[in-house]
Amino acid sequence: MRLKKKIAVSVAAFVILAGFLGVAGIAYTNAQPAPAEGKSFSDAGKAALSRQLSDSVAHGDTPGVAALVVDQNSVLYEGAAGKLNGPGGAAMPVNAIFAIASMTKPVTSVDIMMLMEEGKLKLDDPVSKYLDGFDNLQVITKFNDKDASYETRPAKRVMTIRHLLTHTSGIGYAFTNPIEKRLTEATKKGEWELPLLNDPGEKWNYSSSTRVLGMIVEKITGMSLEEVDHQRIFKPLGMVDTSYAVPATKQSRVPTQYSRIKGSLQEQPRANIPSTPTAPFRGDGGLYSTPQDYGKFVQMMLNGGHLGSVKILKESSVKMMGENQIGAIIVQLQPDADQIRTKPFPLGAGHDKFGLGFQLASNDPQYAAYRSPGSMSWAGIYNTEFWIDPVKKIGGVQMMQTLPFYDDGAIRTLRDFEKLVYQNLR
C-alpha cells in the first residue's frame, strides 16, 4: 500500500495496519483507511445501541453493562443498562468504575515502550538482564498430574522482553492451563516462578508474562508501577478514575460482581476494594477504570501515541505495537482449566496474530461485520473488553462484571453491540 498525498489520513493509524499486514502476510482487499472526517451516529443509531444494551439485560445476558465508542478526538456514543448493585439497586451509570483485570496489560505494555524510547531497555534484551531467576530456564518435558511431578530440559534460548510482550515466553496462567493450575496449587508459586511450558518464542500461551514486565518497569524506574502509571499515563491523559484503588468517596460507583452458575447469574459477595493504592502492584491486572477513562487510552493509541497536546508514545512505537510480532505463530484457543473463572477463549483463536501487548484481528470472513482486520484488542476476566480499529479510526469499550470470562451472554452482549456500531457508523 502507498500513502497518497491526496488522502488525509492519520499516518499512525495507517502505518499500524500496513505493518501488520506486511508482517502477517495476509492480503486484505477491503482494508482501506477511512477518510479523515469525523465519524458519527445518527440519533436513531444511538437509540439502537442503547436498545441493544437494554435488551442484553432483559434477556439475562448480563446484569449490567456500560459502553463507549470513540473516534480520534471525541466520544461518539456512551450508554449503560441494567443495575449497578443488585436487582433492586441503582441503575448502572455510564461512569461506573469497573475492575478491569487484564485490561491492565496494555497499560503496562505502554510503560515498557516508553522505557524503550528512552533507551532504558531493548525489546530483545534478556529478561535476566533486569530480574533474578530468569537465567538457566527449564522447560517441562513430562508431567504427572497425580503428584505434580515433572521432568525438564534446558530451554533452547533465553527469554526476552519481546517474548513477554507477545505471550510467547513459555509462561502460562493457572486459570487456563491445566499444568500451571496443578503446579501453582502444589507449589504455591507464581506461574513465572515455575519451569516453562515451552521454549520462548515457539508458542502463544496466554500468561502472566505482563506481570514480569511490571517488575521490569519497577526495577528500571525505581518507582512503583502505580506511580509510573499515574505520573506518565493516567494524569497526562486525564484518566481521573483509573487506579489500583478506588477512593472511599467513589466506591458507590463500583458494580456488584456476578457469576453464572448452572445457567443463572448469581450475585457475589462484595470483595474488599482498596481505598488507597497498596503494593504489590501487578502489571497483568489490578486496575480499576471507567469506559470514559479507558476510552482516552484508546484515543491515544488511535492518534499514534498522543491525545491532543499530550504525547505518550512516538508513532513508530505505536506502529510496532500494532504489527504482527509472532511471525508464523498464531493465537491459539486457551482451555478452561478453572471453569468457574473462564470458558475457552479468545475470539479469533486459530487465525489472529499478536503485537506488543495487543491481539490483532485477522481477515476472517466470519467476522466481516465486526472490527476491521488489523484492529488491536484485549479484555479483562470480568468481561471488560476494548478494541482499537485503525481502519475505521474508532475504538470501542464495553464493561461488565461477570464470571466466567467469555460467558456466552457476555460475548453475545459484546458482539451484538459491536455489530450495531459498524452498521450505524457514518
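Along the sequence shown, the residues carry numbers beginning at 1. Note that the structure is a prediction, hence the values are computed from the model and not measured.
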field: Partner residues of Pro346 under the side chain to side chain contact (heavy atoms under 4.5 Å, CB included) criterion, sequence neighbours left out
entry: Val331, Ala349, Gln359, Trp378, Tyr406
task: List for me each residue that meets side chain to side chain contact (heavy atoms under 4.5 Å, CB included) alongside Asp416, sequence neighbours excluded, and say none if there are none.
output: Gln52, Arg412
task: Taking all heavy atoms of Pro200 and all of Val158, pick out the closest pair and write down the distance.
output: CB-O, 3.8 Å
- prompt: What residues form a ring pair (Phe, Tyr, Trp, His ring centres under 6.0 Å) with Tyr294, not counting sequence neighbours?
  reply: Phe297, Phe386
- request: Determine whether Val75 and Gln292 make a side-chain contact, defined as any pair of heavy atoms from C-beta on separated by less than 4.5 Å.
  value: no
Gln251 side-chain N/O to Ile273 backbone N/O, donor-acceptor pair under 3.5 Å: yes
message: Tell me whether Asp284 is salt-bridged to Arg282, with the criterion being a basic N under 4.0 Å from an acidic carboxylate O.
response: yes
message: According to salt bridge (Lys or Arg N to Asp or Glu O under 4.0 Å), does anything in residues 291-312 pair up with another residue at least two apart or in another chain? List the pairs.
response: none
message: Run the salt bridge (charged side-chain N to carboxylate O under 4.0 Å, His left out) test against Arg253 and tell me which residues pass, sequence neighbours left out.
response: Asp241
statement: Here the gap from Leu360 atom CG to Lys353 atom NZ, rounded to the nearest 0.5 Å, amounts to 10.0 Å
If you look only at distance, which donor and acceptor atoms sit under 3.5 Å apart when one is on a side chain in residues 336-345 and the other is two or more places apart or in another chain?
| from | atom 1 | to | atom 2 | distance (Å) |
| --- | --- | --- | --- | --- |
| Asp338 | OD1 | Ile340 | N | 3.2 |
| Lys343 | NZ | Asp408 | OD1 | 3.1 |
| Lys343 | NZ | Asp408 | OD2 | 3.2 |

task: Using the ring-ring contact (aromatic ring centres under 6.0 Å, His included) rule, collect all pairs that involve residues 93-131, keeping only residues at least two apart or in two chains.
output: none
- prompt: For Ala81, which residues count as a side chain to side chain contact (heavy atoms under 4.5 Å, CB included) partner, sequence neighbours excluded?
  reply: Leu53, Ser54, Val57, Val65
message: I'd like to check the side chain to side chain donor-acceptor pair (under 3.5 Å) partners of Ser74; sequence neighbours left out, ordered by chain and number.
response: Asp71
Quiz: residues 132-142 side-chain donor-acceptor pairs under 3.5 angstrom, not counting sequence neighbours:
| from | atom 1 | to | atom 2 | distance (Å) |
| --- | --- | --- | --- | --- |
| Gln138 | OE1 | Thr152 | OG1 | 3.0 |
| Thr141 | OG1 | Glu151 | O | 3.2 |

task: Would you list the pairs meeting ring-ring contact (aromatic ring centres under 6.0 Å, His included) in which at least one residue belongs to residues 212-248, sequence neighbours left out?
output: Tyr244-Phe281
message: Just to verify, what does Leu115 make a side chain to side chain contact (heavy atoms under 4.5 Å, CB included) with, not counting sequence neighbours?
response: Glu118, Lys120, Leu121, Val217, Ile220, Thr221, Arg232
